[in-house]
Amino acid sequence: MSAPSQEAQPSVPGLGNYHTDPLNPAMEPRRLFAEAFGTCLLTLVAAGADTISAATGTDIPKPAGVIAPALMVMAMIYAIGDVSGAHFNPVVTLAFAVRDDFPWKRVPGYWIAQFVGAIVAAAILRILFGDVGHLGANLPTHHVSLLVALVTEALLTAILVTIILGTAHDTRIVGHNAAIAVGATIALAGLIGGPVSGASMNPARSLGPALVGGTFDNQWIYLVGPVLGSLLACAIAFLLHGPTTEEAKKAAGGL
């Protein structure tokens with residue numbers, strides 16, 4: 001396909017493409033769809049491993065189950081990061097807002113889109129494979145206490161969000177390679193924390209399958225833990241980088 005002409009895709013000097021410009025309120029539905037779509041694909045892959053394994057009797061290796069969503073996030077950052085900022089996670093949106101990278105008035109819309117995307121993904125899994133494997137809902141392992149699972153989720157989320165805020169702080173240094181850093185962090189966190197808590201780090205990814213599958217036991221861990229981790233990451237980001245930058249605001253909005 002040939003590149004669209006300037007007439008077909010007008011731009012605003014210094015802001016980027018008109019159709020994905022985060023300062024253009026008319027494009028908010030496009031951004032919300034991008035967040036819902038990205039979170040849906042992330043949840044579909046992350047929760048799909050356990051669901052498909054239970055439905056088919058195929059033992060999907062745990063490393064594959066944690067690396068797959070990392071690769072999906074990496075790909076989606078490249079594909080639609082310029083549309084919405086590629087948050088795909090309510091606590092990432094929260095951190096950007098706390099850091100003043102992202103307007104608070106847009107936070108509820110992003111949260112709704114992210115949870116809707118996760119619920120749609122869980123519904124797709126249930127329609128295709130039935131109510132098996134808890135639809136991939138995260139559950140703490142029986143070998144650790146709930147406190148350990150909670151702290152694990154908080155710490156892993158703090159690491160992930162610290163990486164996200166750090167790569168957004170100065171995109172001139174990292175640029176599009178932020179996708180590699182974020183994807184690698186998700187994979188590493190999954191490999192380390194998966195056996196403890198499932199390494200969700202994402203309330204939407206956890207609560208979507210839990211709601212559709214009716215798995216409510218200890219799901220508060222996957223809300224409280226990531227929120228605490230996100231706030232800790234904001235404090236770490238301030239200590240490391242100080243106040244926010246215009247580069248970070250652009251990254252959070254998709255520019």
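Every value quoted in this text rests on a predicted model; they were computed, and no experiment measured them.
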Hydrophobic cluster membership, with links at side-chain heavy-atom distances under 4.5 Å among I/L/V/M/F/W/Y: are Leu125 and Ile60 in one?
yes
Tell me which pairs pass salt bridge (Lys or Arg N to Asp or Glu O under 4.0 Å) where either residue lies in residues 119-142, with sequence neighbours left out.
Arg126-Asp131
Which pair of heavy atoms, one from Ile221 and one from Pro226, lies closest together, and at what distance?
O-CD, 3.5 Å
Minimum heavy-atom distance Ser200-Arg205, with the two atoms named:
OG-CD, 3.8 Å
Nearest atoms (heavy-atom pairs only) where Met201 meets Val91
O-CG2, 3.8 Å
I want to check something: taking the side chain as every heavy atom from C-beta on, are Gln219 and Leu139 in contact at a cut-off of under 4.5 Å?
yes
Where at least one partner belongs to residues 41-59, residue pairs that pass salt bridge (Lys or Arg N to Asp or Glu O under 4.0 Å), sequence neighbours excluded
Asp50-Lys62
Keeping the roles fixed (side chain from Thr58, backbone from Ser53), state whether a donor-acceptor pair exists under 3.5 Å.
no
Are the side chain of Glu35 and the backbone N or O of Trp111 linked by a donor-acceptor pair below 3.5 Å?
no
Here the pair of heavy atoms bringing Ala95 nearest to Ser230 is CB-OG, 3.3 Å
Please examine the side chains of Pro209 and Thr215, heavy atoms only from C-beta on, and report whether any two atoms are closer than 4.5 Å.
no
Does the side chain of Phe129 reach to within under 4.5 Å of the side chain of Leu135, using non-hydrogen atoms?
no
Met76 vs Leu42, test: side-chain contact (heavy atoms from CB on, under 4.5 Å). Steps then yes/no.
CA-CA 9 Å; Met76 293 305 291; Leu42 165 61; over 6 Å; no
Would you indicate whether the side-chain heavy atoms of Val182 and Leu160 approach each other to under 4.5 Å?
yes
Does Ile119 form a side-chain contact (heavy atoms from CB on, under 4.5 Å) with Val212? I'd like the steps, not just the answer.
CA-CA 7 Å; Ile119 291 171; Val212 175; 4.0 Å; yes
Does any part of the side chain of Leu207, heavy atoms only, come nearer than 4.5 Å to the side chain of Phe216, both counted from C-beta?
no
Residues forming a ring pair (Phe, Tyr, Trp, His ring centres under 6.0 Å) with Phe88, sequence neighbours excluded
none
Please, which pairs that meet salt bridge (Lys or Arg N to Asp or Glu O under 4.0 Å) have at least one residue in residues 144-160, sequence neighbours excluded?
none
Worked verdict on Leu165 versus Phe238 for side-chain contact (heavy atoms from CB on, under 4.5 Å):
CA-CA 10 Å; Leu165 294 177; Phe238 183 80; over 6 Å; no
Quick check: do Asn202 and Pro90 have side-chain heavy atoms less than 4.5 Å from each other?
yes
Set of side chain to side chain contact (heavy atoms under 4.5 Å, CB included) partners for Ser145, sequence neighbours left out
Leu147, Val148
Listed partners of Thr244 passing side chain to side chain donor-acceptor pair (under 3.5 Å), at least two apart
Asp101
Evaluate Tyr222 against Ser197 for side-chain contact (heavy atoms from CB on, under 4.5 Å), listing each step before the verdict.
CA-CA 9 Å; Tyr222 302 100; Ser197 64; 4.1 Å; yes
Any chain of hydrophobic side-chain contacts (each under 4.5 Å) joining Ile159 to Leu239?
no
On a heavy-atom basis, which atom in Gly208 and which in Ala122 lie closest, and how many Å separate them?
O-CB, 3.7 Å
Is there a donor-acceptor pair under 3.5 Å between the side chain of Thr167 and the backbone N or O of Ile164?
yes
Linking I/L/V/M/F/W/Y whenever any side-chain heavy atoms sit under 4.5 Å apart, do Ile180 and Val66 land together?
yes
With heavy-atom distances below 4.5 Å as the criterion, would you say the side chains of Phe115 and Pro203 are in contact?
yes
Please give me the minimum heavy-atom distance between Met74 and Gly183, naming the atom from each residue.
CE-CA, 4.1 Å
Is the His87 ring parallel, tilted or perpendicular to the Phe96 ring (thresholds 30°, 60°)?
tilted
Does Phe37 share a hydrophobic cluster with Met72, counting links as ILVMFWY side-chain heavy atoms below 4.5 Å and allowing steps through other members?
yes
Would you say His241 has more than 12 foreign heavy atoms packed within less than 6.0 Å of its NE2?
yes
Cluster link Leu188 to Ile186, ILVMFWY, side chain under 4.5 Å:
no
